[in-house]
Each structure stands twice: as C-alpha cells, then as structure tokens.
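What follows is one structure encoded as structure tokens, with my remarks underneath.
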Amino acid sequence: MKISYLPAGPADDVPYELWEGEEEALAAAAAAGSRAAEWIRSLPSAPSPCPVGAWLAGELPQAIEAATSSLDPGDCDRMDPEGVIVDGTGGIDEETRSKMAAVPCAVEDALWLIPGQQIRLVAVASLVTGAARLLAEDPGTAITTGELPRMWVLVDHAIA
C-alpha cells in the first residue's frame with residue numbers, strides 16, 4: 001500500500017486535484033453498478049410478497065447504483081486540523097453502507113434464489129463496499145494502479 005501524505009487543515013483550504021485516470025475510473029464504477037443493479041432486478045422474484053423480496057427487487061439495486069455513482073476519492077482518510085484521524089467513506093453514506101452490510105443476512109431468507117445467486121449477491125455488495133474502502137484508504141493507488149478497475153471486473157464476473 002502506498003501512503004499519500006496530505007496536508008492537514010480544512011478540506012476547502014487545499015484545492016482538490018484529480019488523480020490521473022480518476023474520471024474514467026469513476027465512470028467505470030457507475031457503469032458496473034448499473035449492470036449489477038440490472039442483474040439484481042432480473043433475478044427471480046419471490047413466489048409470494050415478502051419484505052426480503054421487495055428489498056431485493058427495489059432497495060438493494062438502488063443502493064448499488066447509488067454507491068457506485070457516488071464514489072468519491074476526495075472522501076478519504078485524513079487528519080482534521082486538531083490532529084484527529086477522520087475515517088473517510090469513499091463517498092458512500094452510512095445508509096447505503098448499512099444496506100450493503102445487510103445482504104449476507106437477507107439472502108438467507110431469499111429461499112427462492114439458488115445458492116449461486118445468493119453468493120453472487122453477497123459478492124457484489126462486498127465488492128462495492130470494498131471499492132469504497134479502497135478509495136477511502138488510498139485513493140491514488142486504487143485509481144492509478146488498477147485496483148479499482150479490477151473490482152469492476154470482479155463485479156462483472158459475479159453477475160455473469
């Protein structure tokens with residue numbers, strides 16, 4: 001892991017400069033999220049109405065799209081002016097992270113899905129949250145070395 005030393009102080013006192021390849025990496029993230037959401041929506045629906053079925057068909061794909069379209073390398077781990085470490089989020093808000101974290105528990109109640117579909121749902125949610133964590137911990141390395149684009153290759157593999 002490469003450590004990038006960023007100046008301390010308010011975020012608005014230092015102009016943000018894009019990493020080389022950042023725009024392309026973020027566009028690829030949004031596109032992968034859209035593909036994943038489309039795949040989730042194409043899964044078989046619950047045989048009868050149930051909360052998990054409605055969540056999988058609606059809230060989860062929306063959360064995947066929201067997460068991948070809101071990734072932000074500028075929301076990285078940093079130090080505040082008082083010297084306190086602030087954990088970045090990579091651009092994903094707490095509500096969306098919570099939805100991603102619920103996927104492993106929710107799929108066990110989605111008995112109409114085969115195990116392969118269930119584990120692929122878990123993989124997608126894990127990869128999306130993992131990508132945000134990569135950006136929060138070391139955005140420059142995640143973007144410039146191909147770590148972030150690799151996450152989208154893995155998402156595509158999971159939904160194939």
*With R41, which residues qualify under side chain to side chain contact (heavy atoms under 4.5 Å, CB included), at least two apart?*
A37, P61, Q62, E65
Side chain to side chain, [X] and [Y], heavy atoms closer than 4.5 Å:
{"X": "D109", "Y": "W55", "value": "no"}
{"X": "V107", "Y": "V122", "value": "yes"}
{"X": "K99", "Y": "T96", "value": "no"}
{"X": "V128", "Y": "T68", "value": "yes"}

What is the distance from atom [atom1] of [X] to atom [atom2] of [Y], rounded to the nearest 0.5 Å?
{"X": "L43", "Y": "L113", "atom1": "CG", "atom2": "CG", "value": "5.5 Å"}
{"X": "R133", "Y": "T89", "atom1": "CZ", "atom2": "OG1", "value": "8.5 Å"}
{"X": "L26", "Y": "I143", "atom1": "CG", "atom2": "CD1", "value": "6.0 Å"}
{"X": "I92", "Y": "S69", "atom1": "CD1", "atom2": "OG", "value": "9.5 Å"}
{"X": "L154", "Y": "I159", "atom1": "CG", "atom2": "CD1", "value": "11.5 Å"}

_I'd like to know whether CD of E24 has more than 12 heavy-atom contacts from other residues, nucleotides or ligands below 6.0 angstrom._
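Correct, the count exceeds 12.
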Is a donor on one side and an acceptor on the other found under 3.5 Å between the side chain of [X] and the backbone of [Y]?
{"X": "R150", "Y": "T145", "result": "no"}
{"X": "D72", "Y": "G90", "result": "no"}
{"X": "S126", "Y": "A123", "result": "no"}
{"X": "Q118", "Y": "A110", "result": "yes"}
{"X": "S70", "Y": "G91", "result": "yes"}
{"X": "W19", "Y": "T144", "result": "no"}
{"X": "S98", "Y": "E94", "result": "no"}

Over all heavy atoms of both residues, which pair between [X] and [Y] is shortest? Give the atoms and the distance, please.
{"X": "P44", "Y": "Q117", "result": "CD-NE2, 3.6 Å"}
{"X": "A142", "Y": "P149", "result": "O-CD, 4.0 Å"}
{"X": "W112", "Y": "P47", "result": "CB-CD, 3.6 Å"}
{"X": "A29", "Y": "L71", "result": "CB-CD1, 3.7 Å"}
{"X": "L121", "Y": "I40", "result": "CD2-CG1, 3.6 Å"}
{"X": "W152", "Y": "A131", "result": "CH2-CB, 3.5 Å"}

*Can you get from W39 to I119 by hopping between Ile, Leu, Val, Met, Phe, Trp and Tyr side chains that sit under 4.5 Å apart?*
yes
*asked:* Check for me, please, whether L134 and L18 land in the same ILVMFWY cluster - side-chain distances under 4.5 Å, paths through other members count.
replied: yes
_E147: which residues meet the side chain to side chain donor-acceptor pair (under 3.5 Å) condition with it, sequence neighbours left out?_
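Result, side chain to side chain donor-acceptor pair (under 3.5 Å) vs E147: none returned.
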*Could you tell me which residues satisfy side chain to side chain donor-acceptor pair (under 3.5 Å) with D156, sequence neighbours excluded, listed by chain and number?*
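Scan of D156 (side chain to side chain donor-acceptor pair (under 3.5 Å), adjacent residues dropped) gives R35.
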*Could you go step by step and tell me if L148 and L135 meet the side-chain contact (heavy atoms from CB on, under 4.5 Å) rule?*
CA-CA 8 Å; L148 190 61; L135 283 176; 4.1 Å; yes
